[in-house]
Amino acid sequence: MTLDKNYDPASIEREAQQFWTDNKTFEAIEDPSKEKFYCLAMFPYPSGKLHMGHVRNYTITDVIARFQRMQGKNVLHPMGWDAFGLPAENAAVENNTAPSKWTHDNISYMKSQLQSLGFGIDWSRELATCEPTYYKWEQWFFTKLFEKGLVYKKTSAVNWDPVDETVLANEQVIDGKGWRSGVQVEIKEIDQWFIRITDYADQLIDDLDGLDQWPEQVKTMQRNWIGKSQGVNVVFDLSESISEYSHLNVFTTRPDTLMGVTYLTLATQHPITLKLAEKNSSIAKFIDQCQSQKTSEADMATMEKLGMDLGITAVHPLSGETVPVWVGNYVLMDYGSGAVMAVPGHDQRDYEFAKKYVLPITQVVLSAEHKDTNIETEALTEKGTLTNSGKYNGLDFNTAAEKIASDLESTQHGSMATNYRLRDWGVSRQRYWGAPIPIYNLANGGEIAVPADRLPVLLPTDVSMNSIQSPIKADKSWCKAELNGEPVEQETDTFDTFMESSWYHARFTCPDLDSAMLDPVRANYWLPVDQYVGGIEHAILHLLYARFFHKLLRDEGLVNSDEPFKSLLCQGMVLAESFYKENDGRKIWLSPDEVTVKRDEKGRALSALETKTGLSVFSGGITKMSKSKNNGVDPQTTIDRFGADTVRLFTMFAAPPEQTLEWSDEGVLGAHRFLRKLWKMVQEHVESGQSEPLDKDNLNPKHKDLRRKTHETILKVSDDFGRRNTFNTAIAAVMELLNEVAKHNDHSEQTKATRHEALENAILLLSPVAPHICHKLWKVLGRSEELTEAIWPQVDDSALARSIITIVLQVNGKVRGKVDVSPDISKQELETIAVNDSNVKRFIAGNVIQKIIVIPGKLINIVAN
RNA sequence: GCGGAUGUGGCGGAAUUGGUAGACGCGCUAUCUUGAGGGGGUAGUAACUUAGGUUGUGGGGGUUCAAGUCCCCCCAUCCGCACCA
């Protein structure tokens, strides 16, 4: 085979991709005789075109998938489309097209981009969640959950735009105002469907312990999110009943502070608050004021705490004293019972509230460690011994909590309880572009699941979105249906799109199945996913819902595993430099390729100028690639210019996968230069002619050095790919190997033989990252079998042996010399050499040697003073 | 506010188990090469220095023969907070 002089990625990549397609190289077939490996990337939302985050994500899974394939595994690496969602509706309104058409156009373009990157994807399993063949089974599954009592309807708060008369997503609320209308958003309570994820809270926490290949921080975030806490439910009787309400329930994790309760606070939506508001206009006005705040927890936590005395009192269950009852804007109706007991002496939020509204503060805990805490200026939140608590004085936290809980229990005023921060999963969305919720609303007010033989409840796709309202809500006839001769109404809300992304990992195992949601045989062959890769921004919600859904699938008998994802890798964001100029105080963001950076003679950045005008611009820092900062780099431009292999190589080399990745045009050029160097090196090697076979036992020291480097590199890259997922250091190791090969450029037979071994292995090691160039060079080196069928190289341990090692000599922890010795030198010999080293002697002169520490094979430290 | 992470040369990063800080790459400097390419090769590149060394991994303390790595406090930046996906 002859070789082109110049590395031409376009033709090489076209050829390799054609070969993989023609040979169906990456189509996965279930084969129980082979060990399987299921490698999954979080599937993309078809937003229009691929961004660098996608490129990074799918390059990572492709490298892992190709590596595992070379380990002899039966690899499944599928791809699909998270195709329902809000942006399609926004685009539809803007361009007056149907969300379906917009979505399908995007899918077809983005698919061609993924193919041009040479990802080894099994396209025969492609799926899009907006297809009825997919969401039919999601609807079917929901009706199963409905029958099991795992779903229910209740009222819940949404952001309501009173002008557009529509529900807004949190991101559509900007500074408390609707993004389109610009008017103040209101909180509105509407009926919505919920799935009982809280029934699975304990499993979701406990099973985290078995996920030993998940990042610790993700597991911690999930544990904190579920927020299991032990405490006590306390009943406060009302001094006088309000309508049918005679008492209040509160949950506390600090029953030891119960004697320090000086008031209670209710949520604005608490039934008692609402009842009182009917007859008290100032309470009603207060509730009304609180309606114009955002529902997000972050806003709840940071907003000003407001409250109002409701004018009623409750009876303290232990002391019998009366305590006032307030309403507060910071109490969540969705969490716990919608009422909290306030202990301002020992809770910072209660403390600030009490100071603001001049409510009494009582200290009931003394801390041994914080004796100096002054209750006049701040709350004492540490646990300690009780004081001002009558018969509980002097008890520690545990004893006091137990005693108080049992005293409450004996008078039916409380009991031990477990509480979760996790709330049930609200799956109703008042939008069009989603899977219709398969429920019939009955004339008498009840609900019934749509019968299985009527599924799927089809979402009409031939619609025009000239108004903001959902077409299936606007069309008053769409919801009309009949069941057993009675008129019923089809639910017009659609599912949260997290529903689709919660089970696609399972559907990929049998996407063509039209008779059932899953084929348990195929599903259980592939599941659980061996390696899941996606952004850290999904660490909580998506991953928690998918874990939950997998347990629901298990309980329906569809899969037999407890967890969907055995190993998880969260990749970091892709960043780029940003620049802006100011115009009348407004920032105008410039694309980085419109800017020239001036540097000094050491390469330090001095200033940035707009290339076109020569005017100086400001740096906006290195931030996430985004439209708003105009600093996005289109992957296509780089692929067209340098080829897919260069983009893949740079993406994997510039940073380890979990860290942020800074885009750098110079860095991309460096990656391209490396591939060109590899190309040239193989060419020159092949031109030097065929060599004699490698004669391992008759190598000179120089040849041995190259062989050692080759096998050290195999060892390192195998560990980096297989265990550490540090692709950057693996690539660096191959670069080092090639730097070494460049020094072995003579034409002696054994040089050629060891160089051939080095180059062949370099191509194998690099092939998961840069598969196209390796596909070609593998043949150039004369190999007849296909690279995709090649087996990962094995380390020859005999090649790793060293005859000399370098030991570092330290005096008092500082390096004072180095010495080359035999690897099997004794401790005594080494000590003798060290203390006699001239430079070491200089630093121990006049001091007494206290001790000598020897770390075999590494260093010797002489402690002297 | 709460929860989670990150911080190392001019820049991206390496140092895997507490054991030589700065691998590999970018940039820069010098130099060689008629070199058609977003060229190639070689050497140098943490700072300071009286050229012996000294200092140095966001800041401040601590443990240790030895700390980028372990512990405590602080600062800055980023991610998530339940209707963006």
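All chains are named by letter (A, B, ...) in the order of the sequence lines, taking the proteins before the strands, and each is independently numbered beginning at 1.
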In the structure I gave you, are the side-chain heavy atoms of [X] and [Y] within less than 4.5 Å of one another anywhere?
X      : Y      : value
A:V668 : A:V647 : no
A:K356 : A:L306 : yes
A:P44  : A:Y58  : yes
A:V854 : A:L830 : yes

Out of A:F653, A:F721, A:F650, which residue meets the ring-ring contact (aromatic ring centres under 6.0 Å, His included) rule with A:F727?
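Passing option: A:F721.
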
Run the salt-bridge test on [X] and [Y] with the 4.0 Å N-O cut-off and return the result as yes or no.
X      : Y      : answer
A:R802 : A:E712 : yes
A:K177 : A:D161 : no
A:E736 : A:K716 : no

Could you tell me how far [M] sits from [N] if I compare only their [atom1] atoms? Round to whole Å.
N     : M     : atom1 : answer
B:G58 : B:G68 : C1'   : 12 Å
B:G40 : B:G25 : P     : 13 Å
B:G4  : B:A67 : C1'   : 25 Å
B:A47 : B:G10 : P     : 7 Å
B:U57 : B:C11 : C1'   : 16 Å
B:G27 : B:G61 : P     : 39 Å
B:C70 : B:G18 : P     : 8 Å
B:G9  : B:C48 : C1'   : 14 Å

Excluding sequence neighbours, so at least two apart, what forms side chain to side chain donor-acceptor pair (under 3.5 Å) with A:E165?
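None.
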
Proximal nucleotide (of [options]) relative to the [X] side chain:
X      : options             : value
A:L669 : B:U16, B:C79, B:G38 : B:G38
A:M573 : B:C79, B:G13, B:A82 : B:C79
A:F653 : B:C24, B:G19, B:A82 : B:C24
A:N739 : B:G25, B:C78, B:A85 : B:G25
A:M221 : B:G13, B:A82, B:G3  : B:G3
A:A298 : B:G1, B:C24, B:A85  : B:G1

Are any of [X]'s side-chain N or O atoms less than 4.0 Å away from OP1 or OP2 of [N]?
X      : N     : value
A:N728 : B:A23 : no
A:R423 : B:A82 : no
A:R676 : B:G39 : yes
A:T497 : B:A85 : yes
A:R673 : B:G27 : yes
A:R724 : B:A15 : yes

Between N or O atoms, less than 3.5 Å apart, protein on one side and nucleotides 33-36 of chain B on the other: list the pairs.
none

Expressed as a whole number of angstroms, how long is the span from [X]:[atom1] to [N]:[atom2]?
X      : N     : atom1 : atom2 : result
A:W663 : B:C26 : CH2   : C1'   : 14 Å
A:N170 : B:A85 : CG    : C1'   : 13 Å
A:Y545 : B:G80 : OH    : P     : 15 Å
A:I226 : B:C81 : CD1   : P     : 16 Å
A:I195 : B:C83 : CD1   : P     : 12 Å
A:E658 : B:G4  : CD    : P     : 19 Å

No-H, no-angle donor-acceptor pair, [X] side chain to [N] base, under 3.5 Å:
X      : N     : answer
A:R641 : B:G38 : yes
A:Q217 : B:C79 : no
A:Q430 : B:C83 : yes
A:K818 : B:U20 : yes

Look at the aromatic rings of A:W425 and A:F549 and report parallel, tilted or perpendicular, splitting at 30° and 60°.
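Because their plane-to-plane angle is over 60°, the rings of A:W425 and A:F549 count as perpendicular.
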
Parallel, tilted or perpendicular, judged at 30° and 60°: which one describes the rings of A:Y504 and A:H542?
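Geometry flag for A:H542 against A:Y504: tilted rings.
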
What residues form a salt bridge (charged side-chain N to carboxylate O under 4.0 Å, His left out) with A:D719, not counting sequence neighbours?
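A:D719 satisfies salt bridge (charged side-chain N to carboxylate O under 4.0 Å, His left out) with A:R723 once adjacent residues are dropped.
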
Write out the stems for RNA chain B, ordered by first number and formatted as range with range, counting runs of at least 3 consecutive Watson-Crick or G-U wobble pairs under 3.5 Å.
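Counting only runs of 3 or more consecutive pairs, the stems involving RNA chain B are B:1-7 with B:75-81, B:10-12 with B:24-26, B:27-33 with B:39-45, B:46-48 with B:53-55, B:58-62 with B:70-74.
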
Looking at the angle O4'-C1'-N9-C4 for a purine or O4'-C1'-N1-C2 for a pyrimidine, is B:G13 syn or anti, with syn meaning within 90° of 0?
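Anti, angle beyond 90° from zero.
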
So, is B:G58 syn or anti if syn means the angle is within 90° of 0?
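Anti.
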
Which residue lies toward the 5' end of RNA chain B, A:E662 or A:K677, if each is placed at its nearest nucleotide?
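Final value for this comparison: A:E662.
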
Pairwise 5' ranking along RNA chain B for A:G670 and A:F43, keeping only the more 5' one
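The residue whose closest nucleotide sits nearer the 5' end is A:G670.
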
Any residue of residues 619-626 of chain A with a heavy atom less than 4.0 Å from an atom of RNA chain B:
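Output list: empty, so none.
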
At under 4.0 Å between heavy atoms, which parts of nucleotides 49-67 of chain B does protein reach? Answer with one letter per nucleotide, 5' to 3': B base, S sugar-phosphate only, - none.
---SSSS---------B--

Is there a salt bridge (Lys or Arg N to Asp or Glu O under 4.0 Å) between A:K624 and A:E537? Walk through the geometry before answering.
CA-CA 13 Å; A:K624 183 177 176 171; A:E537 66 273 21; 5.6 Å; no

Select base, sugar-phosphate, or nothing to describe what [X] touches, counting heavy atoms under 4.0 Å on all strands.
X      : result
A:Q192 : base
A:F674 : nothing
A:P656 : sugar-phosphate

What's the spacing between [X] [atom1] and [Y] [atom2] if we round to 0.5 Å?
X      : Y      : atom1 : atom2 : answer
A:F495 : A:W193 : CZ    : CH2   : 10.0 Å
A:W214 : A:L569 : CH2   : CG    : 12.0 Å
A:Q850 : A:I844 : CD    : CD1   : 11.5 Å

State, to 0.1 Å, how close A:A83 and A:T103 come at their nearest heavy-atom pair, and which atoms those are.
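Heavy atoms of A:A83 and A:T103 come nearest at O-CG2, 3.6 Å.
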
Got a donor-acceptor contact below 3.5 angstrom from the A:D424 side chain to the A:I197 backbone?
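Pair found, side chain donor or acceptor close to backbone of A:I197.
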
